[in-house]
Amino acid sequence: MDLILWRHAEAEDLEETEDGGGADLSRRLTHKGERQAARMASWLDRQLPDGVRVFSSPAVRTEQTVIALGRKYRLRDELRPDGSVDGLLSVAQWPEARQAALIVGHQPTLGQTVAHLLGLQEAECSIRKGAVWWLRQREKNGRLQTVVLTVQTPELL
């Protein structure tokens with residue numbers, strides 16, 4: 001199974017939101033973030049396998065990021081900024097699903113998920129805004145392994 005983790009692109013700071021800094025979920029992408037999302041979406045659209053399932057946090061900035069991809073997606077509360085690794089893996093149905101899953105979400109949950117799957121310390125993995133980590137679970141010599149297929153940032157596209 002492939003698990004593709006996409007962190008939302010650059011968003012407004014809390015104090016820049018219209019409500020004066022109250023609602024984290026209503027933060028929008030900046031102009032730079034919109035460009036980051038478009039670049040990454042263009043790259044992803046060429047790479048994603050057929051039948052990929054796409055899920056997003058209900059936060060405005062993640063939904064704006066996934067909209068750039070131009071594919072059907074589902075909003076899931078488990079992917080909110082305060083979500084957990086277990087919640088994310090449950091949404092993705094990792095590792096049982098037959099189809100790949102693309103998750104558009106937040107730090108620190110995305111980095112914690114990568115760290116968990118690769119056996120790293122949680123603090124050792126931070127995902128840049130707009131970046132994608134593509135992981136695959138495979139069996140080799142009778143053992144299950146999680147491998148990193150690619151890490152891509154919008155700045156390198």
Side-chain angles (χ1 to χ4, degrees), residues 1-94 97 99-118 122-136 148-157:
M1 176 189 178
D2 285 4
L3 177 61
I4 304 119
L5 303 173
W6 186 10
R7 184 174 178 195
H8 66 79
E10 182 181 275
E12 302 169 327
D13 291 331
L14 276 173
E15 58 270 8
E16 293 177 18
T17 59
E18 289 179 20
D19 64 5
D24 181 46
L25 291 178
S26 68
R27 291 171 50 211
R28 302 184 60 77
L29 295 181
T30 63
H31 292 297
K32 177 181 178 181
E34 290 170 355
R35 290 189 307 273
Q36 288 174 332
R39 278 196 303 267
M40 189 58 71
S42 177
W43 179 82
L44 274 170
D45 192 50
R46 293 188 308 272
Q47 308 302 324
L48 289 173
D50 292 337
V52 65
R53 299 165 299 125
V54 182
F55 303 99
S56 174
S57 159
V60 171
R61 61 193 179 275
T62 52
E63 192 169 8
Q64 286 181 295
T65 299
V66 77
I67 285 171
L69 187 58
R71 295 188 184 209
K72 291 182 182 181
Y73 62 93
R74 295 183 65 195
L75 298 178
R76 295 296 298 262
D77 280 336
E78 298 93 325
L79 303 175
R80 292 167 60 105
D82 59 353
S84 69
V85 171
D86 289 339
L88 185 153
L89 294 176
S90 176
V91 168
Q93 299 174 334
W94 175 272
Q99 296 172 311
L102 170 62
I103 304 288
V104 184
H106 308 271
Q107 270 299 102
T109 309
L110 294 178
Q112 291 169 347
T113 301
V114 169
H116 172 75
L117 295 176
L118 297 179
E122 285 183 9
E124 292 178 353
C125 191
S126 181
I127 295 178
R128 292 178 58 99
K129 290 177 182 164
V132 166
W133 282 62
W134 195 316
L135 308 171
R136 176 173 291 163
V148 178
L149 293 184
T150 191
V151 176
Q152 188 61 267
T153 63
E155 294 83 9
L156 295 179
L157 296 174

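Only this structure's heavy atoms are used, side chains among them; waters, hydrogens and symmetry mates stay out.
Between the side chain of S26 and the backbone N or O of A23, at least one donor-acceptor pair lies under 3.5 Å. With E10 contributing its side chain and G130 its backbone, the two residues share no donor-acceptor pair below 3.5 Å. Panel note: side chain Q36, backbone A9; no donor-acceptor pair is recorded below 3.5 Å.
W6 places none of its side-chain heavy atoms less than 4.5 Å from the side chain of S56. Looking at heavy atoms from C-beta onward, V148 lies in side-chain contact with V151 at the 4.5 angstrom threshold. Between H8 and H106 there is a side-chain heavy-atom pair separated by less than 4.5 Å. No side-chain heavy atom of V132 sits less than 4.5 Å from a side-chain heavy atom of T153. V60 has its side chain within reach of Q64: a pair of non-hydrogen atoms, C-beta onward, lies under 4.5 Å apart. Within the 4.5 Å cutoff, the side chain of L102 has no heavy atoms near those of the F55 side chain. In this structure, L149 and L135 have side chains that are not in contact, with every pair of non-hydrogen atoms separated by 4.5 Å or more.
Take R74 and apply the salt bridge (Lys or Arg N to Asp or Glu O under 4.0 Å) test, not counting sequence neighbours, and it matches no residue. Evaluation of the side chain to side chain contact (heavy atoms under 4.5 Å, CB included) rule for T150 yields W43, W134 as partners, not counting sequence neighbours. The side chain to side chain contact (heavy atoms under 4.5 Å, CB included) check on A100 picks up D2, I4, P49, V52, with sequence neighbours excluded. Taking L25 as the reference, A59, R80, P81 meet the side chain to side chain contact (heavy atoms under 4.5 Å, CB included) condition, with sequence neighbours excluded.
Heavy-atom minimum distance, A37 versus L29: CB-CD1, 4.2 Å. When all heavy atoms of L110 and G105 are compared, the pair lying nearest together is CD1-C, 3.6 Å. Annotation for S57 and L75: closest pair O-CD2, 3.5 Å, computed over non-hydrogen atoms. In terms of heavy-atom proximity, Q152 sits nearest to L156 at OE1-CB, 3.6 Å. Nearest heavy-atom pair across A101 and M1 is CB-CE, 3.9 Å. Counting all heavy atoms, side chain and backbone alike, A11 lies closest to R27 at CB-NH2, 3.8 Å.
Once rounded to the nearest 0.5 Å, the distance linking CD1 of I103 with CD of E78 reads 9.5 Å. With values rounded to the nearest 0.5 angstrom, R35 atom CZ is found 14.0 Å from L157 atom CG. Within the model, atoms NE2 of H116 and OG1 of T109 stand 13.0 Å from one another, a figure rounded to the nearest 0.5 Å. Here M40 contributes atom CE and L69 contributes atom CG; the two are 11.5 Å apart, rounded to the nearest 0.5 Å.
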Pairs under 3.5 angstrom only: tabulate donor-acceptor contacts from the side chains of residues 82-93 to other protein residues two or more places apart or in another chain.
{"unit_1": "S84", "atom_1": "OG", "unit_2": "G87", "atom_2": "N", "d": "2.9"}
{"unit_1": "Q93", "atom_1": "OE1", "unit_2": "R53", "atom_2": "NH1", "d": "3.3"}

For this session: Decide side-chain contact (heavy atoms from CB on, under 4.5 Å) for S126 and Q107; before the verdict, give the C-alpha distance in whole Å, the side-chain angles of both, and the deciding distance to 0.1 Å.
Result: CA-CA 7 Å; S126 181; Q107 270 299 102; 3.6 Å; yes
Exercise. Under the side-chain contact (heavy atoms from CB on, under 4.5 Å) criterion, do T62 and L79 qualify, and how do the steps go?
Worked result: CA-CA 10 Å; T62 52; L79 303 175; over 6 Å; no
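Note on residues 61-73: pairs passing salt bridge (charged side-chain N to carboxylate O under 4.0 Å, His left out), not counting sequence neighbours, are D24-R61, D45-R71.
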